[in-house]
2 protein chains.
Amino acid sequence: MTKSRNDEAITMQSVAIAAGVSPMTVSNTFRYPERVQEETRRRVLTIAAELGYVPNHAAGNLASGQSRVIGAVIPSIKNSSFYNYVRGMQDRVASQGYQLILKLADTVSQEAAAIRTFVGLRVAGVALVGDEHEVDALTLLRKTGVPVVESWVYNNPFDMAVGYSTADATHAITSLLIEAGRQRIGFVGYDGDVSRRYTERVPVFRRCVESAGLDSHRIVLVDQADGFSAGAKALEGLCAIDPDIDAIVCPTDIVAAGVLFECGRRGWKVPDRLAVAGWGDYEIASEITPGITTIQPHSYEMGQRAMTLIVERASGIDRRGVSHDTGFQVVRRESV
Amino acid sequence: MTKSRNDEAITMQSVAIAAGVSPMTVSNTFRYPERVQEETRRRVLTIAAELGYVPNHAAGNLASGQSRVIGAVIPSIKNSSFYNYVRGMQDRVASQGYQLILKLADTVSQEAAAIRTFVGLRVAGVALVGDEHEVDALTLLRKTGVPVVESWVYNNPFDMAVGYSTADATHAITSLLIEAGRQRIGFVGYDGDVSRRYTERVPVFRRCVESAGLDSHRIVLVDQADGFSAGAKALEGLCAIDPDIDAIVCPTDIVAAGVLFECGRRGWKVPDRLAVAGWGDYEIASEITPGITTIQPHSYEMGQRAMTLIVERASGIDRRGVSHDTGFQVVRRESV
DNA sequence: TCCATCTTTTGTAGCGCTACAATATTCTGC
DNA sequence: GCAGAATATTGTAGCGCTACAAAAGATGGA
């Protein structure tokens, strides 16, 4: 029961009457304060505050065709992987007078639904994660012309993109293990319907170890939904392939932590018996003992850049086709 | 540049023309399908899909004074504490034809800003966490009459509430340690500007241990922002008070895990040397070795209930003042 | 004093949609 | 075949706001 039509809802009209000015002056006070004389503006703002007036965004959006709300679709908040990304978006957006709203979507079809909601809301822009989306959703975005930025990827942007190279990062972390003298390196990937950001790591890993003259058959896939316990499963699987495995590349720090827990159970010393590499630089990576050597994507910066691109587009700058590489860092800790 | 005014934007009008019906029929097709004849409806839907038409929510909201979007304010996504809560909200809302949008807010003033955004968007309802809010925000909510549900608390609802008793849970977990024969029980609380859901645990803990004839001076406060590392600090602090401490009640599973990590570093056996209790039943609680004994709030159910209340209110049922207790469970694992 | 210029304020029209009432169409039963 | 009911469709008006253009005041130089 949002409010029946002829409630005494506080509208711009009522503020105008109370302040003895025209509705347009109230509108200007909020949207273009500099167009209104100091004194008038102050009076309007005071009255508006007294009355508890909040501009009806729906009406404003409709009249102006513009919106100061940006929508972001986030795959999951199960772990902290997107925490800094969201913080980055939020911080940047706030400093520009925009608002960020979020929708969670675990699957592409949920993502499509989220996109539809955002488009229905006529947001100023949409931020997506990854480059795998439902065709219908993309068609819709293209047709409506909403600015779209894809994050965590940076090739072939649909519209705009901000990310880093998964391939380069995979290469970097694998090379680190090789340089550390490991000979029997295993790789843990994700199973099932998982994003390309994960699947494209396998061939890179293969090439990398092979070019160092090592075997690349120590590969096992686990279920993304398993969280920490995937670590235990992965280690089991890899031991079945090679009981003398001496290093593991994990898809996330969560799996890496799971591997560490399992090593604890087995009484394996890390990194002496087994070197473990993670991905994502989650909080746990630095807190657990031993600390996890991992890939740190610059997610905060990524979030900021994403919003910058959208805000720029919203203010008329053409940024179509732009893609930013925000890079990554290998953070070395005791686990390798 | 959302879209200039006289673009060939796909509107209800254009769908109506293309389908050879009046705009009202298109409107009805989307809002009240049963009012439209099977064949007409199908034709309209086909054309709408072909044209990539998405109803303008802003316009609809303005015209009807109703909205099918619900806003939820979430304190943080740094860890998984709100994961199930959000899932519960999302699932329930989806099955009712509503949409959930999220805003993150770490502080009450950020929360107030989020509330203002939601009110500006004229959402159908607002879900908040906790019962500590900015006065202005509450005034605004009261004035506009938006349905509001507070979660994780269930006393004195501002409008409606869903939660469980922090006091009872504190009592339950402390009693468990006492029954397990622990004599020197320590308590870890959060420092600084932290929600009452945490601070109100201290006196309950005190009373609980005292009524068992034990000392209640082993209390230390840590910084909420510290994550896992708060565990190490907490253990240090408590050892300074009593080096022979034999049990710890932690504010979250994150801190409990941090304590376990620190025990690992010190070579302390858990639970032999020290029993550790957490709170929240985060994923890590069941995955780490030893598993953490913890409080499991029924967050998924809480999210569902919260949305049910809002949807009911939106459909006219008076639920003002209602508060649901969704309870909690003590999950016993090896750490105690 | 008057006109040109600048600043501030105000009507007007319409954004895209839906409530409501009115009209058109189809279906009953006799 | 027709009145009367039930179903399906359609005008009309207006939600609260803003773009735009027009009007009103203020300022200043000749």
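As a basis for the values below, the full set of heavy atoms in this structure was taken, side chains included, without hydrogen atoms, waters or symmetry mates. Proteins get letters first, then strands, A, B, ... in listed order; numbering begins at 1 in each.
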Step by step, would you call A/Tyr164 with A/His298 a side-chain contact (heavy atoms from CB on, under 4.5 Å)?
-> CA-CA 8 Å; A/Tyr164 67 102; A/His298 300 136; over 6 Å; no
Where do B/Tyr83 and B/Tyr300 land on the side-chain contact (heavy atoms from CB on, under 4.5 Å) test, with the steps shown first?
-> CA-CA 8 Å; B/Tyr83 172 65; B/Tyr300 183 84; over 6 Å; no
Please test A/Val54 against B/Leu140 for side-chain contact (heavy atoms from CB on, under 4.5 Å), starting from the C-alpha separation and ending with a verdict.
-> CA-CA 8 Å; A/Val54 179; B/Leu140 185 65; 3.2 Å; yes
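A salt bridge links A/Asp131 with A/Arg196: the distance from a Lys NZ or Arg NE/NH1/NH2 to an Asp or Glu carboxylate oxygen falls below 4.0 Å. Of the charged side-chain nitrogens involved, at least one lies within less than 4.0 Å of a carboxylate oxygen, so that B/Arg313 and B/Asp159 count as a salt-bridged pair. Of the charged side-chain nitrogens involved, none lies within less than 4.0 Å of a carboxylate oxygen, so that A/Glu39 and A/Arg42 do not count as a salt-bridged pair.
Taking atom CD of A/Gln13 as the reference point, atom P of D/dG14 lies 14 Å away to the nearest angstrom. Atom P of nucleotide D/dA24 and atom CE of A/Met24 are separated by 17 Å, given to the nearest angstrom. Atom-to-atom, CZ of A/Phe30 to C1' of D/dA19 comes out at 19 Å; the value is rounded to the nearest Å. Atom CD of A/Glu39 is separated from atom C1' of D/dG25 by 15 Å (rounded to the nearest Å). One atom, CG of B/Asn61, and another, P of C/dT18, lie 10 Å apart when rounded to the nearest Å. Rounding to whole angstrom units, CZ of residue A/Arg122 and C1' of D/dC17 are separated by 17 Å. Here D/dG16 presents its C1' atom at 5 Å from CG of B/Leu62, a figure rounded to the nearest Å. Rounded to a whole Å, the CD atom of B/Gln66 is 22 Å from the P atom of C/dG16.
Using a 4.0 Å cut-off on heavy atoms, the residues of residues 49-57 of chain B that approach DNA chain C are B/Tyr53, B/Pro55, B/Asn56, listed by number.
Distances shorter than 4.0 Å separate none of the side-chain N or O atoms of B/Arg41 from OP1 or OP2 on D/dA8. In terms of phosphate contacts, B/Thr11 brings no side-chain nitrogen or oxygen within less than 4.0 Å of OP1 or OP2 of C/dC15.
Looking at every heavy atom in both residues, A/Leu62 comes nearest to B/Ala59 through CD1-CB, 3.7 Å.
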Protein and nucleotides 7-9 of chain C: nitrogen or oxygen contacts under 3.5 angstrom:
residue, atom, partner, partner atom, Å
C/dT8, O3', A/Gln37, OE1, 3.4
C/dT9, OP1, A/Thr40, OG1, 2.6
C/dT9, OP2, A/Gln37, N, 3.1

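Between B/Gln99 and B/Ile70, the closest side-chain pair of non-hydrogen atoms is not below 4.5 Å.
Neither side chain, B/Arg305 nor B/Thr326, offers a donor N or O lying under 3.5 Å from an acceptor on the other.
Backbone-only contact: B/Tyr32 has heavy atoms under 4.0 Å from sugar-phosphate atoms and none from a base.
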